[in-house]
Amino acid sequence: MITRRGLMGGGLAAGVGAGLALSIERQLNQYGSERLPLGGGYAAAGDGWHASGSGLVRTIWHVPTTKPWVALTFDDGPGPKWTPRVLDALDRADAQATFFVVGKRLVQHAAVVRDRLQRHEVGNHTWSHCELGKLDAEKAFDQLDRCHNAIKQVLGRDATLMRPPWGHLGGAALVAADRMGYDVTMWSYVMPEQNPDGLVDDVCANAKPGSILLAHDVGRDSRLAVVDRLDRIVAGLRAAGLELVTVSQLMAARSADASAVEARA
């Protein structure tokens, strides 16, 4: 595998010259936050027992369950323009969601959500929406810890879930999640923002019991396609026989199903 360390090592600089090494470094830097790092991120294999608590991190994409439940999740907020609209739609429908908040934005826009998230779940989406796959264990921990403290400060609760920005994970992020006792929450379906006319039908056709649906309450204008149609999305999911729950409720459904199977056995 090509890695930054391999390409930028002393042997390369000595063998082909500093000019070429600098050129390669510039090419590597073209890979921004929407692409995985070339080397796959920091493996964190040598951090040892002191760096993580249980030595085990659960990562959830979806939940096998017999219950007709799905979890609607929103990333990147809160923001003063979109988040209130999302909360208004959920209030009208008496529906729950899980919000993966960016700590810095939560502190900045605390007044927008402080009294409106009581019946929703809140998860950790890092302090500054950074690329966790490129950080070492201490920096990854700092990103999660600062966001965790912001959630505690603003909302008076402890988060138990984290979601890495862009879904990018390196070993260090897993070590930090374990250190904080988090479950890592990914997703099984992304709202098709690029297809606004067919969005509602697409969501309702693809959601199934145990799905974790990804949307955003901050970002580029194309994401407004979901915000503008949220009432219809919730109504469509319910018409399909599905109930909206939080991620933690969905995870509990897996445990309940497993217990029922064991009892029958």
Self-check item: Asp91/Arg116 ion pair, N-O < 4.0 Å
Solution: yes

Quiz item: Residues two or more places apart in sequence or in another chain: which of them pass ring-ring contact (aromatic ring centres under 6.0 Å, His included) with His120?
Solution: Phe99

Exercise. Could you tell me which non-hydrogen atom of Asp178 sits nearest to which non-hydrogen atom of Gly55, and how far apart they are?
Key: OD2-N, 2.9 Å

Quiz item: Taking only residues two or more places apart in sequence or in another chain, which ones pass ring-ring contact (aromatic ring centres under 6.0 Å, His included) with Tyr182?
Solution: His148

Quiz prompt | Value rounded to 0.5 Å, distance of CE in Met162 from OG1 in Thr185 | solution = 9.0 Å

Self-check item: Thr65 side chain to Arg254 backbone, donor-acceptor under 3.5 Å
Solution: no

Exercise. Rounded to the nearest 0.5 Å, what's the gap from CG on Leu144 to CG on Asp142? Could you check?
Key: 9.0 Å

Quiz item: Distance from Leu106 atom CG to Ile151 atom CD1, nearest 0.5 Å?
Solution: 6.5 Å

Practice problem: Would you please say whether a donor-acceptor pair under 3.5 Å links the side chains of Ser222 and Gln194? | Solution: no

Exercise. Applying side-chain contact (heavy atoms from CB on, under 4.5 Å), name anything that partners Asp228, two or more places apart in sequence or on another chain.
Key: Arg85, Leu224

Exercise. Find the distance between CZ (Arg229) and CD (Glu193) and round it off to the nearest 0.5 Å.
Key: 11.0 Å

Self-check item: Contacts of Gln153 that satisfy side-chain hydrogen bond (donor to acceptor under 3.5 Å, both in side chains) - sequence neighbours left out
Solution: none

Quiz item: Which residues pass the salt bridge (charged side-chain N to carboxylate O under 4.0 Å, His left out) test with Lys152, sequence neighbours left out?
Solution: Asp158

Self-check item: Set of ring-ring contact (aromatic ring centres under 6.0 Å, His included) partners for His216, sequence neighbours left out
Solution: none

Quiz item: Apart from Val218 itself, which Ile, Leu, Val, Met, Phe, Trp or Tyr residues share its cluster (side-chain heavy atoms under 4.5 Å, direct or through members)?
Solution: none

Practice problem: Kindly state each residue pair satisfying side chain to side chain donor-acceptor pair (under 3.5 Å) with at least one member in residues 97-113, sequence neighbours excluded. | Solution: Thr98-Glu121

Quiz item: Just how far is it from atom CG of Asp217 to atom CH2 of Trp82, taken to the nearest 0.5 Å?
Solution: 8.5 Å

Exercise. Return the minimal non-hydrogen interatomic distance between Leu250 and Ser211, and the atom names on each side.
Key: CD2-O, 3.6 Å

Quiz item: Hey, what do you get for OG (Ser128) to CZ (Arg146), rounding to the nearest 0.5 Å?
Solution: 7.5 Å

Review item, side-chain donor-acceptor pairs of residues 72-79, under 3.5 Å, at least two apart:
unit_1: Thr73; atom_1: OG1; unit_2: Arg163; atom_2: NH1; d: 2.9
unit_1: Thr73; atom_1: OG1; unit_2: Arg163; atom_2: NH2; d: 3.3
unit_1: Thr73; atom_1: OG1; unit_2: Leu213; atom_2: O; d: 2.7
unit_1: Asp75; atom_1: OD1; unit_2: Arg163; atom_2: NH1; d: 2.7
unit_1: Asp76; atom_1: OD1; unit_2: His125; atom_2: NE2; d: 3.0
unit_1: Asp76; atom_1: OD1; unit_2: His129; atom_2: NE2; d: 3.0
unit_1: Asp76; atom_1: OD2; unit_2: Arg223; atom_2: NH1; d: 3.1

Practice problem: May I ask you to list the residues sharing a hydrophobic cluster with Val107, side-chain cutoff 4.5 Å, ordered by chain and number? | Solution: Trp127

Quiz item: Between Leu135 and Gln143, what is the shortest heavy-atom contact and its length?
Solution: CD1-CG, 4.1 Å

Quiz prompt | For Asp201, side-chain hydrogen bond (donor to acceptor under 3.5 Å, both in side chains) partners two or more places apart | solution = none

Quiz item: Do any pairs count as a side chain to side chain donor-acceptor pair (under 3.5 Å) and have a residue in residues 230-242, sequence neighbours left out, and if so which ones?
Solution: Arg92-Asp231

